[in-house]
Amino acid sequence: MGTKTKSSKKLQAPKGTRDHYPEDLLRQRYIQHAWRDASLRCGFDEIEGPTFETTDLYSIKSGEGILSELFQAYSGKSPKDVEQVQETGTAPFALRPEFTPTLARMYAARAKQLPKPCKWFTAGPYFRAERPQRGRLREFLQWNIDVIGLPGESAEIKAQMDAEVIECSVRLFESLGVQADSLKLRINDRDAMARFFYSLDVTENQLEQAFSILDRQAKLPADALATMAEDAGLPQAYVQFLTGSVTSGSFDLDAPALDALCTQCIRLNLSPWITKDHSIARGLAYYTGTVFEAIADGERAISGGGRYDNLIELFGGPPTPACGFGLGDVVLGNLLDDKGLMPEGVELMEAVARPQASIRPVAFVVPNGDPDNEPLVHTLVANLRRGIESEEWLARDDRKPWQPDRYAVAPVHARVSYKSTRNLGKLRADAEKQHARYFVEIHGDDKVEITNMDTRESLTSTSGSFHIDPANPGYAGRAIGERA
RNA sequence: GUGGCCGUAGUUCAGUCGGUAGAACACCUGGUUGUGAUCCAGGACGUCGCGGGUUCAAGUCCCGUCGGUCACCCCA
C-alpha cells in the first residue's frame, strides 16, 4: 500500500501537462476539427514540422524571454552534447515553443519553387517552460495560419493578404458559434504608428520602448504609464497621446494600409468582427505592419497575429513579406466553455465524427475579365466559405453551432486565383493545377457560370445562370453545395 | 522568476477554540415494484498531497517541498 502511494507520486504527469481521457480527447478533437475545417475552406494547405529543433533556430530572433522558457533536449549518447550541457547550460536541441521559426526555415528552403502567395496552416503541440496559469500550460496545441509572399506589389494586394488571414480566423470563430458581439479583432498598423511616433519626436532608438509601453496601455493606470514613458525618456507629446487621445478613441491615425484592409474586410463581410484600435502593438519587435489581436468580452486577449515582412529573410530566405495568426487550444477551450459553446456527450461525439472540409478545392472563383466584377469574387468566395445558415435553425432559441440542421447551404472549400491575368484560359489552367472541382466565372451579379472541371459539363447550360446573392433562389453556392 | 489562495473517500465538498474524520453522489450486497429505471435496508471506502517542527495531543498551528489555481512577469 505504501509502495503504491510512493510510485503513484513519482508517476504523476509533469507540471503544466494534461492527460486526455476519452471525453477530454474528444473536446480537443472538436477544436482541432474546427481549426482544420476553417483553414481548408479558406484554401490553406496543411504542413507540419518537427516538434524539436536545434536551439540555434530560436536564438536568431528571440529575446531572453523565449530562450529562458525553452525545454531543452539532448540525446545523452554523444559525450560532446553532455559536455555542452554541463558547461554552457544549453542543449543542442529544444522542444519547439512556437512555429514561426520552423515555418521560416521550411519556406526559405524552397522559397523559389513555392507559389506566391503560399498559404499554409498547421496545428500541433508546442512547449514552453512557463509557470502554468489560466489559459497557459507547458504543453498545448496551437493553430497557425500564414500567408507568405505577395502576388504583387500594391498596397491593395497586401491588404488582401492580411484580410485572408483575418477572414480565416473569423470563419473559425463563426463556425464555433462565437458571436461578433462577444469577440473582436482589434487591428492596428505598426508602420503608421511608427510614423506618427516620429512626428511626436520619438527617436528611432525609443521606438520599441514606445510600442512596448503602448501595449500595456489597457492594463495600467494613466499615471503609471506616464511615469514609465518619462523614465524611458519619451517625449511629452507621446505621453499625452498615451494617456489621452488613444483611450478616448478620438485619435485619427493616418494609415492608408489600415484603410485598405478595412475596405477589403467590408467586401468579405467581416466588418462586425473588426475594430481599429491604436493601442494594439503586439509585444515584440518583429511585426512590421498590420497587427491584430482577438479580444473576447472586451478584455481577454485570445490570440494575435500580424505582418512580419522581414522575418523570412532573417531566417536565410529571400526577402518575403508574410502575415500570420496563431491561436492556442487552451484559451479557445476556456472561451467555448464560458460561452456554453462546447458540446458534450452524444452531441460532442457526433460533432467530432462529422466529415472534414474537402482538401480538394470545391469551387474556384474568377472574374470574367471585367474589373467591376473583381470585388464580387471576394464576396462570393466569402459566402461559399462561410455557408448560409438555415432559417429554421436561426429561428430556434436553443440553437447550437454543432447542430446538423445549421446550414441551408453548407460551407465549402473555395479558392481564388492570385494571378494578375484577366485571361480566362490562364485562370482555368490555374484552377486545373489546383485540382478544383468547379470553375466559377462571374459575369455579373446575376450571371455566374459554373463548370464541372472533371466532366467539363457546364451547369449553366442546364440550369441557366446563377446568382451571387445568397438570398436569391438561384444562388451559385446552393448549386455547388448540392453537388459537392 | 515573484506573490495570493487551495490540496480531506472514486468524485464534489464539510470538518467550530488543536482532542487521531463526516455528508452527498458513485460503487458493492440484499429486498420491493413485471425492466439494468424508482424506492427501502445494509456494506466497503481515507497514511487528511509529501516531509519536518511545536504540543500530552495536529486535518487544524509553524517551516519546507510537490501539485493545483489566480495575478504579476512574459506573450513567440
Side-chain angles (χ1 to χ4, degrees), chain A residues 1-19 21 23-24 49 51-53 55 57-71 89 94-105 122 124-146 186 190 208-209 211-221 224 228 280-288 291-295 299-308 310-312 314-315 322-334 337-338:
Chain A
M1 203 169 185
T3 43
K4 189 187 170 189
T5 326
K6 269 181 194 168
S7 60
S8 64
K9 187 188 170 187
K10 274 186 181 171
L11 293 175
Q12 66 188 209
K15 181 204 290 218
T17 64
R18 295 167 288 178
D19 289 331
Y21 292 91
E23 172 94 356
D24 310 315
T51 47
F52 68 95
E53 291 273 9
T55 308
L57 187 71
Y58 300 111
S59 41
I60 291 177
K61 79 155 205 227
S62 56
E64 294 294 306
I66 291 181
L67 288 174
S68 68
E69 286 172 353
L70 284 179
F71 275 108
L95 301 187
R96 62 181 183 185
E98 56 165 328
F99 189 67
T100 313
T102 302
L103 176 87
R105 187 175 58 71
T122 188
Y126 296 88
F127 311 87
R128 295 176 190 173
E130 292 183 292
R131 188 146 168 189
Q133 57 178 275
R134 182 173 165 82
R136 175 182 288 185
L137 296 175
R138 294 182 143 195
E139 180 187 32
F140 55 94
L141 298 180
Q142 188 168 309
W143 175 54
N144 282 270
I145 55 176
D146 291 275
R186 295 187 179 167
R190 279 178 69 125
E208 200 171 316
Q209 187 103 47
F211 276 126
S212 151
I213 297 173
L214 177 69
D215 205 33
R216 290 186 229 176
Q217 180 267 341
K219 277 190 174 180
L220 296 171
M228 203 182 280
I280 300 292
R282 291 304 301 162
L284 277 162
Y286 72 72
Y287 287 115
T288 50
V291 285
F292 42 87
E293 204 167 277
I295 293 175
E299 49 161 342
R300 264 195 302 164
I302 298 296
S303 66
R307 182 155 281 288
Y308 46 97
N310 41 35
L311 201 63
I312 303 283
L314 201 61
F315 282 93
C323 182
F325 177 85
L327 171 64
D329 74 314
V330 188
V331 243
L332 182 57
N334 286 343
D337 283 338
D338 293 351

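Residue numbers start from 1 in every chain, and the chains themselves are labelled A, B, ... in the order their sequence lines are given, proteins ahead of strands. Predicted model only: the values in this text are computed from it and were never measured.
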Original post:
Rounded to the nearest Å, what distance is computed from the CG atom of residue D338(A) to the P atom of nucleotide C70(B)?
Top reply: 11 Å
**OP:** Pick the C1' atom in C25(B) and in A76(B), then give their distance to the nearest Å.
**Re:** 45 Å
Original post:
Does R96(A) make a cation-pi contact with Y126(A) (under 6.0 Å, within 45 degrees of the axis)?
Top reply: yes
Subject >> Whole-Å gap separating P (A76(B)) and CD1 (I145(A)) >> reply: 15 Å
Original post:
Starting at CZ of R128(A) and ending at P of G1(B), how long is that distance when rounded to a whole Å?
Top reply: 18 Å
**OP:** Among the candidates A76(B), C74(B), A71(B), find the nucleotide nearest to the side-chain atoms of R216(A).
**Re:** C74(B)
Subject >> Length of the CD1-P vector between I213(A) and C73(B), whole Å >> reply: 13 Å
**OP:** Identify, with sequence neighbours excluded, every residue that meets side-chain hydrogen bond (donor to acceptor under 3.5 Å, both in side chains) alongside T100(A).
**Re:** none
Original post:
With rounding to whole Å, what would you report as the distance between G67(B) and A24(B) at their C1' atoms?
Top reply: 26 Å
**OP:** Name the nucleic acid region contacted by G135(A), choosing base, sugar-phosphate or nothing; use a 4.0 angstrom heavy-atom cut-off, strictly under.
**Re:** nothing
**OP:** Please measure how far the C1' atom in G19(B) lies from the corresponding atom in C6(B), and state the result in whole Å.
**Re:** 26 Å
Subject >> Distance, rounded to the nearest Å, where R138(A) contributes CZ and C74(B) contributes C1' >> reply: 14 Å
Original post:
What residues, two or more places apart in sequence or in another chain, satisfy side-chain hydrogen bond (donor to acceptor under 3.5 Å, both in side chains) together with D338(A)?
Top reply: R134(A), R300(A)
**OP:** Would you mind telling me which of A71(B), C74(B), A76(B) lies closest to the side-chain atoms of Y287(A)?
**Re:** A76(B)
Original post:
Expressed as a whole number of Å, how far does the C1' atom of G68(B) sit from that of U12(B)?
Top reply: 16 Å
**OP:** Please measure how far the C1' atom in G18(B) lies from the corresponding atom in G53(B), and state the result in whole Å.
**Re:** 15 Å
Subject >> Among U69(B), C75(B), C70(B), the nucleotide that comes nearest once only the side chain of R136(A) is considered >> reply: C75(B)
**OP:** Would you please name every residue forming a side-chain contact (heavy atoms from CB on, under 4.5 Å) with A294(A), sequence neighbours left out?
**Re:** F173(A), L183(A), L185(A), I302(A), S303(A)
Subject >> Interface with RNA chain B, restricted to residues 322-329 of chain A and to heavy atoms under 4.0 Å >> reply: none
Original post:
Which value, in whole Å, describes the distance between the P atoms of nucleotides C48(B) and G43(B)?
Top reply: 24 Å
**OP:** Ignoring backbone atoms, establish whether R282(A) has a side-chain N or O less than 4.0 Å from OP1 or OP2 of A76(B).
**Re:** yes
Original post:
With nearest nucleotides of RNA chain B determined for G304(A) and P132(A) from heavy-atom distances, which residue corresponds to the more 5′ nucleotide?
Top reply: P132(A)
**OP:** Can you check whether any acceptor in the base of A71(B) is under 3.5 Å from a donor in the side chain of R134(A), or vice versa?
**Re:** no
Original post:
Roughly, in whole Å, what's the span from CG in N334(A) to C1' in C70(B)?
Top reply: 13 Å
Original post:
Expressed in angstrom and rounded to an integer, what is the separation of K219(A) atom NZ from C70(B) atom P?
Top reply: 14 Å
Original post:
What pairs with R128(A) under side-chain hydrogen bond (donor to acceptor under 3.5 Å, both in side chains), at least two apart in sequence or on another chain?
Top reply: none
Original post:
Between L70(A) and A94(A), what is the shortest heavy-atom contact and its length?
Top reply: CD1-CB, 3.9 Å
Subject >> Stem regions touching RNA chain B, defined by at least 3 consecutive Watson-Crick or wobble G-U pairs below 3.5 angstrom >> reply: B:1-7 with B:66-72, B:10-13 with B:22-25, B:27-31 with B:39-43, B:49-53 with B:61-65
**OP:** Compare every heavy atom of Y287(A) with every heavy atom of R190(A), then report the nearest pair and how far apart it is.
**Re:** NE-O, 3.3 Å
Original post:
Considering only the C1' atoms, how many Å lie between U47(B) and G7(B), rounded to the nearest integer?
Top reply: 15 Å
Original post:
What residues form a salt bridge (Lys or Arg N to Asp or Glu O under 4.0 Å) with R138(A), not counting sequence neighbours?
Top reply: none
**OP:** Check side-chain contact (heavy atoms from CB on, under 4.5 Å) between I295(A) and all other residues, then give those that pass, not counting sequence neighbours.
**Re:** R186(A), I280(A), E293(A)
Original post:
Mind checking the P distance from U16(B) to U11(B)? Whole angstroms is fine.
Top reply: 22 Å
Subject >> Under the ring pair (Phe, Tyr, Trp, His ring centres under 6.0 Å) test, residues paired with F71(A) that sit two or more places apart >> reply: none
Original post:
Mind checking what makes side-chain hydrogen bond (donor to acceptor under 3.5 Å, both in side chains) contact with R136(A), not counting sequence neighbours?
Top reply: E130(A)
**OP:** Taking the side chain as every heavy atom from C-beta outward, state whether F127(A) and F52(A) have any atom pair closer than 4.5 Å.
**Re:** no
Polar atoms only, N or O, under 3.5 Å: list the protein pairs with nucleotides 3-12 of chain B and their distances.
from: G3(B); atom 1: O6; to: R131(A); atom 2: NH2; distance (Å): 3.1

Original post:
Got a sec, which residues hit ring pair (Phe, Tyr, Trp, His ring centres under 6.0 Å) with F211(A), two or more places apart in sequence or on another chain?
Top reply: F197(A)
Original post:
What's the CZ-P distance between F140(A) and C74(B), to the nearest Å?
Top reply: 18 Å
